[in-house]
Every structure is written in structure tokens, then in C-alpha cells.
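Following: one structure in C-alpha cells, then a few remarks.
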2 protein chains.
Amino acid sequence: MASIKEIAEMSGVAKSTVSRYLNQGSVSEKTAERIEKVIKKTGYSPNQFAQSLKAKKTKIIGVIIPRLNSNAMSETLLGIDDVLQMNGFQMIISNTNQNIDREIESIYSLAKQKVSGIILAATVITDKHKRAFDEISIPMVVIGQQVPGVPSVIHDDYQAGYCLGNYIFQRGHRFVTYLGIPETDISVGIKRKQGVIRASGEYENIVLNIEETSFSSQDAVIMAKKILAGKNQPTAIIAATDNIAVGVLKACCLLDIKVPEQLSIVGVGGDKITDLVYPGITTIKFFFREAGGTAAKSLLKLLEHEQTQEVIVSPYELIERFSVDKPQQKK
Amino acid sequence: MASIKEIAEMSGVAKSTVSRYLNQGSVSEKTAERIEKVIKKTGYSPNQFAQSLKAKKTKIIGVIIPRLNSNAMSETLLGIDDVLQMNGFQMIISNTNQNIDREIESIYSLAKQKVSGIILAATVITDKHKRAFDEISIPMVVIGQQVPGVPSVIHDDYQAGYCLGNYIFQRGHRFVTYLGIPETDISVGIKRKQGVIRASGEYENIVLNIEETSFSSQDAVIMAKKILAGKNQPTAIIAATDNIAVGVLKACCLLDIKVPEQLSIVGVGGDKITDLVYPGITTIKFFFREAGGTAAKSLLKLLEHEQTQEVIVSPYELIERFSVDKPQQKK
DNA sequence: TTGTACGCGTTATCAT
DNA sequence: ATGATAACGCGTACAA
């Protein structure tokens with residue numbers, strides 16, 4: 001691969017002239033032409049290492065994610081990539097496999113690589129995270145979690161829970177189970193649950209049982225079976241995620257429980273799977289792709305030293321399908 | 001961030017000594033100690049650009065993928081990332097959004113970035129691809145497609161189709177529809193179909209209708225409705241992908257067709273969704289994650305100038321669930 | 001407008 | 001074992 005020096009020699013000018021041609025462009029038309037021709041002929045393109053070495057910067061954004069194989073993550077990445085690519089930035093992905101130590105490592109590692117910014121999709125932010133943020137002084141945006149002092153793009157988990165709760169209680173359900181996940185995950189584990197609980201407080205005579213499972217649909221199937229086998233069967237189950245909701249539905253099929261006649265089900269996420277099962281599951285749709293794009297834009301603004309909102313709440317939308325009905329008369 | 005020069009000064013030795021300490025290590029114990037202490041204290045770590053500038057190489061592997069939001073891709077990436085990370089390599093993802101021109105661009109772009117290898121997950125390889133392969137002389141592995149002269153990791157699409165065909169025909173189905181996708185995609189569009197066709201040739205009196213749809217489940221629902229509404233209703237549908245199979249199942253639910261009593265369904269891929277719908281769909285499981293790992297290993301071997309198999313066929317496995325039965329008596 | 005010369009942080013060569 | 005020095009390819013301050 002040719003270097004700028006060779007281009008210079010071939011065009012009969014100095015390196016710096018070529019460099020100027022490439023960057024600011026204050027060169028005479030004649031030389032510009034000559035240089036252009038040579039560049040075309042050789043297919044020259046600047047060595048990015050040398051450039052970065054000089055500039056102490058790259059056009060690379062690091063994205064740290066807890067896992068790769070989830071719909072939410074794919075969509076988020078897509079959104080980030082969209083706007084990054086549009087602005088001439090590369091995206092480099094650091095998958096931590098839910099290992100929180102590797103999250104920290106990744107931060108430092110990306111810093112070493114002199115990425116010009118970092119987008120962190122975290123489930124929880126510890127003190128170690130915060131220390132890392134401070135040490136490396138690289139613009140950063142967090143997505144999916146609110147961190148004081150760091151621009152964050154979040155989904156409205158609390159409102160989503162509240163909305164679903166209302167949706168179910170309004171239709172007359174009084175024996176309801178919330179099937180959530182552990183509180184180690186703030187957004188999903190805590191906020192959504194709290195939203196539902198708050199809604200439950202606004203109605204009379206509600207019996208809200210709270211159970212826990214994992215993100216895995218299979219686990220949800222097992223858990224749902226237990227819940228539905230008991231004698232205090234709920235008339236509705238509010239699932240913390242679409243995957244869990246689908247697991248619940250599967251359990252119903254297995255136990256020959258009719259949905260929505262005998263049991264209503266709702267989920268959160270807007271995963272397309274909710275539209276593929278039968279009946280389609282009512283869910284709260286989050287706009288992961290858009291949120292990813294928003295995060296990326298926010299970060300790019302930061303790089304330009306522009307102001308950014310500290311926390312941006314991504315919208316949500318209730319998608320009504322066919323998994324909810326009024327409770328049957330019984331007892 | 002400290003440079004090697006500063007480390008040298010602080011330890012009272014020359015730059016070259018520090019460099020030697022960092023790399024080969026032929027230094028006296030005493031100086032080694034001194035240097036170590038300084039490095040610890042400053043938290044020094046080499047500037048990767050300067051290193052790359054010298055070495056004309058990186059420890060980065062470029063991965064080009066057609067889309068980000070598919071289960072197969074996520075798993076494949078996961079597998080690639082696994083072994084890359086284990087060997088101290090970074091992965092940089094180039095998502096082309098199914099745009100074939102961007103695939104070519106990505107190849108050149110990655111070459112410019114001096115990645116030390118490229119893994120290409122392509123749906124089809126054109127002459128432009130081949131030219132790009134030749135021009136940049138960077139080790140490369142293709143996954144999901146067989147390319148003469150380039151090490152390839154492929155799934156056994158033909159055998160998968162053949163296996164599924166046999167599975168269906170053996171159980172007595174004679175009126176069967178294959179719901180595939182256009183032939184622009186070689187593996188999925190052509191090979192799987194051919195496998196099914198070959199199997200159909202080994203039985204008597206088979207009526208095999210071949211229809212086409214897209215990768216989208218929604219499209220599959222529509223197409224399946226059409227097929228099932230006609231008067232020559234098949235007793236089984238072989239879907240080219242799990243997504244399509246799920247779409248067919250949804251159509252059945254909508255039309256009140258019992259699966260598997262009235263219609264048998266099979267898919268290909270091993271997507272976990274096949275286990276979440278009801279009834280679970282019989283499918284051919286491909287090992288995407290393992291295949292990704294294999295591709296990465298293969299590439300790393302190439303970097304070491306070791307021999308590699310030209311084409312590695314990833315195994316598959318038939319997963320029997322509950323979507324297939326013998327055809328009902330009728331006519 | 002153009003050219004000269006230096007520095008970015010490393011590694012490698014060659015003396016010492 | 002260690003140190004001085006050149007070279008990697010680029011950008012830029014400065015001089016011409």
C-alpha cells in the first residue's frame with residue numbers, strides 16, 4: 001500500500017502538499033489535479049493508524065452489551081449502528097455475557113483503544129462502573145439505565161408496568177399474578193414491578209401475587225405451571241417480559257387452559273414473538289431501535305461538546321392483541 | 001497517558017530497554033524490577049496505534065453480516081466472539097443490512113483498517129466478492145456459503161432438506177407443500193429445497209407443491225392462508241425456516257386447522273421459538289454458535305499459516321416435537 | 001501556494 | 001545487558 005510520501009514523489013510535490021490536499025485543501029488547481037490523478041491511479045488511502053497516532057483519536061464508538069442473543073439488544077444495536085454509520089463512525093461491540101467484571105474490563109479496554117465514545121447497555125450500575133467512568137475521560141452514554149451525571153436513554157419501565165396493571169385491573173381482574181424477575185435488574189426487575197403495584201393500589205379488593213422467574217422462557221413455563229396448578233388460580237398473569245408471557249401461554253396450552261377465556265396474559269417488550277403465538281399476546285412495545293439511535297445521536301452530540309439532555313425517556317406503546325378478556329364468572 | 005519514553009526516563013533506562021522488557025524480555029532482573037514498578041505505578045499500557053503502525057497489523061477480526069436481528073446471526077456472532085476473545089482478538093462487526101454493495105464496501109473498508117482477518121457471512125457470493133477477495137490479500141473465511149478457494153464453514157442445508165423430506169414422506173404424507181424462499185439465497189433458497197425434492201423422488205405418488213415466501217413470519221402467515229384455503233389442501237407443509245414454520249402454524253390457528261391432526265409442519269433452524277409455540281414444531285437444529293466458533297478457529301489457523309480444511313460441514317440434528325402426525329384418512 | 005522539519009509511540013537494528 | 005537511532009505514515013507549525 002502506497003504512502004503519502006510516495007504519492008508526493010509521484011506527483012512531484014512535497015508530502016505536506018498532499019496532506020493539505022487531503023484535508024483542508026488549500027492547493028492550486030494544477031497541483032490538485034496532478035495529485036488527484038496519482039491517488040486515483042494508486043488507489044491510495046491514508047493509513048488510519050498513523051492518523052490515529054497523530055490525532056490520539058479514532059472514529060470508533062465502543063458499545064458494551066450484556067448479551068448478544070436477545071431481540072432487544074439486536075434492535076438496539078441496529079439503531080446505534082444506523083446513526084453511527086451515517087456519521088462515518090465505526091461500531092465495535094464488546095459482549096460481556098452478563099459478566100459484570102467483564103463490563104468493567106471492557107470499559108478500560110475500549111479506553112485503551114481510544115474509542116471516541118462509549119455506549120453502555122447495562123442492567124445495573126455499580127460503584128466500580130462509576131469509578132471507571134471517572135478514570136477514563138471518554139464521552140459516554142448509558143442505555144437502559146439511569147445514571148446520575150451520565151446522559152441516559154431509558155425505557156419507561158415504571159409507566160409500562162403501571163399501564164399494564166391498569167389495563168388488567170380495569171377489565172375487572174381481581175386475582176392477578178405478577179411474574180417478574182429478581183431485583184438485581186433494576187429496570188425489569190424493579191421498575192416494572194413497582195408500576196404494577198402502584199396500579200393495584202388504585203383499585204379495590206385486589207389480590208396481587210408476586211412471583212419470580214428468570215429471563216428464560218423455559219423457566220417461565222415451569223413457573224407458570226406451578227402457579228396455575230395451585231388452587232388459587234389467578235384470572236390474569238402480568239409477565240415482566242414477552243419471553244415470560246410466551247412461556248406462560250405455553251404452559252396454558254399444556255394444561256389445557258384457554259387463553260384468554262380462562263386466563264388473561266400480558267407481556268412487556270413488543271417482541272415480534274408476541275404476534276406469532278396464538279393467540280397474539282397484548283404487550284407494551286418498546287422502541288429499542290429508536291432508543292439505540294437516540295443514544296448514538298446523544299453521544300455524537302457529546303463529542304461535539306454540544307449540550308445533551310441528561311435523561312431521555314423513550315416512548316412506549318400498548319399493543320392490544322387477543323390474550324386479554326374479562327375474568328370469567330366463578331366462585 | 002504515559003508513553004514508553006516517560007517510563008524509560010522514570011526508570012532511568014532507555015526506551016529500547018523498556019520495549020525489550022515488554023516484549024522479548026532479555027533484561028537483567030534488577031532493571032526489570034525497576035521498570036515493572038514504574039509501569040504499575042503509572043498504569044502504563046502501550047499505545048495500540050503506534051504498535052499497529054509498526055507492525056502493519058492489528059489484533060482485530062472483521063465480521064461482515066447481512067443482518068443483526070436474526071437468531072442465527074446472533075448465535076453465530078456469539079460463537080465467533082467466544083474463540084476470538086479467548087485468543088486475544090477483538091471482533092468488529094460490519095452490518096450490511098442485506099445490501100450487497102455494502103458487503104463489498106465493507107470488505108475494502110475492513111482491509112483499510114488492516115484487520116488481520118475477515119469472516120464473511122454471506123447469502124450469495126458474486127464476482128465482485130471474488131475480485132475483492134483477491135485484491136485485498138487478507139485471510140478470510142466464509143460462513144454459510146461455499147466458495148471455491150476460500151475456507152468455508154457451511155450448514156448441511158441439502159441434507160437437512162433431504163432428512164425432513166424423508167421424515168414427512170415416510171409417515172405417509174403424499175400431498176405436501178414446500179414453502180421456501182427465492183433462489184437468490186443459495187443455502188436456504190436452493191439447497192434445502194433440492195434436498196426435499198430429492199427425497200420426494202424416492203417415494204411413489206408424491207405430489208409436492210413448491211411455493212415461495214420471504215424470511216418474514218408475517219408473510220408466511222399470509223402465504224400459508226392462501227395455501228390452506230385452496231381446495232387441494234396439503235397434509236403437510238415443509239417450511240424452509242423456523243420463522244416460516246411458525247407463520248404456518250399461526251395461520252392454522254387462525255383457520256382453525258388442527259396441528260398435527262389435520263396438518264403436519266416442520267421447519268429448519270432449531271430456533272428456540274419452535275419450542276415456545278404450541279404444539280412444539282419439529283425442526284432441524286443447526287449449531288450456529290459452534291459453526292461461528294469453527295469459522296473463527298479456522299481463521300486463526302490461517303493467520304498462523306497452518307493448513308485448514310477447505311470446507312467444513314457443520315452438523316445438524318433432527319429435533320422431534322409434536323407438529324407431525326400421519327396424514328388423516330380422507331378422500 | 002508550497003516545502004522543510006519535527007513529533008506522535010513503538011519496535012528493531014546495531015553498536016557498545 | 002543496554003543504549004542510541006532509524007523507521008513506520010501522517011499532520012502541522014513554520015519558513016520560504
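When reading the values below, keep in mind they use all heavy atoms of this one structure, side chains included, and skip hydrogens, waters and symmetry mates. To find a chain, count down the sequence lines: A is the first, B the second, and so on, and within it residues start at 1. From a predicted model like this one, the values you see are computed outputs, not experimental measurements.
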Query raised in the report: What are the two closest non-hydrogen atoms of A:E310 and A:G149, and how far apart are they?
Result: OE2-N, 2.7 Å

Query raised in the report: Taking OP1 and OP2 of D:dG11, is either one under 4.0 Å from a side-chain nitrogen or oxygen of A:Q51?
Result: yes

Query raised in the report: Hey, which of these two, B:L53 or B:V13, hits DNA chain D nearer its 5' end, going by closest nucleotide?
Result: B:V13

Query raised in the report: Can you tell me how far P of D:dG11 sits from NZ of A:K56, to the nearest Å?
Result: 15 Å

Requested in this report: Rounded off to whole Å, could you give me the CD-to-C1' distance for the B:E9 and D:dG3 pair?
Outcome: 14 Å

Query raised in the report: Hey, does the side chain of A:N47 come within less than 4.0 Å of D:dC8's phosphate (OP1/OP2), counting only N and O?
Result: no

Query raised in the report: Counting any heavy atom closer than 4.0 Å, what does B:Y44 reach on the DNA or RNA strands: base, sugar-phosphate only, or nothing?
Result: sugar-phosphate

Query raised in the report: Does a nitrogen or oxygen in the side chain of B:S26 sit under 4.0 Å from OP1 or OP2 of D:dA1?
Result: yes

**Report entry** Integer-rounded Å distance: D:dA4 P and B:K5 NZ
**Finding:** 13 Å

Query - Distance (rounded to the nearest 0.5 Å) between B:I93 CD1 and A:Q90 CD - result: 10.5 Å

Report task. Classify the nucleic acid contact of B:S52 as base, sugar-phosphate or nothing, counting any heavy atom under 4.0 Å across all strands shown. Result -> nothing

Query raised in the report: Looking at side-chain heavy atoms only, is the closest gap between B:F215 and B:V188 below 4.5 Å?
Result: yes

Requested in this report: Decide if atom NZ of B:K297 counts as having more than 12 heavy atoms of other residues, nucleotides or ligands within a radius under 6.0 Å.
Outcome: no

Requested in this report: Specify the separation, in whole Å, of atom CD1 of B:I4 and atom C1' of D:dA7.
Outcome: 15 Å

Requested in this report: Tell me what B:S3 touches on the nucleic acid: a base, only sugar-phosphate, or nothing, going by heavy atoms under 4.0 Å.
Outcome: sugar-phosphate

Report task. Measure the distance from CD on B:Q48 to P on D:dC8 and round it to the nearest whole Å. Result -> 22 Å

Query raised in the report: Which part of the nucleic acid, if any, lies within contact of A:S28, taking any heavy atom under 4.0 Å across all strands shown: a base, the sugar-phosphate backbone alone, or nothing?
Result: sugar-phosphate

Query raised in the report: Any Lys/Arg nitrogen of A:D82 or A:R289 sitting under 4.0 Å from an Asp/Glu carboxylate oxygen of the other?
Result: yes

Query - Exercise: identify the closest heavy-atom pair between B:N95 and A:Q85 - result: O-NE2, 3.8 Å

Query raised in the report: Base, sugar-phosphate, or nothing: which does A:K15 touch, judged by heavy atoms less than 4.0 Å apart?
Result: base

Query raised in the report: Roughly, in whole Å, what's the span from CZ in B:F49 to P in D:dG11?
Result: 14 Å

**Report entry** Along DNA chain C (nearest heavy atom to each residue), the more 5'-positioned of A:K54 and B:K54
**Finding:** A:K54

Query raised in the report: How close or far is atom P of D:dA13 from atom CZ of A:R20, stated in whole angstroms?
Result: 11 Å

Report summary line: Between A:Y21 and A:I39 the two heavy atoms that sit nearest each other are CE2-CD1, 3.8 Å

Report task. With the side chain of B:T17 defined as its heavy atoms from C-beta on, choose the nearest nucleotide among D:dT2, D:dC8, D:dC10. Result -> D:dT2

Report task. Could you tell me from which nucleotide to which nucleotide of DNA chain C, 5' to 3', there is an atom under 4.0 Å from chain A heavy atoms? Result -> C:dT1 to C:dG9

Query raised in the report: What distance separates B:N23 CG from B:Q51 CD, expressed to the nearest 0.5 Å?
Result: 7.5 Å

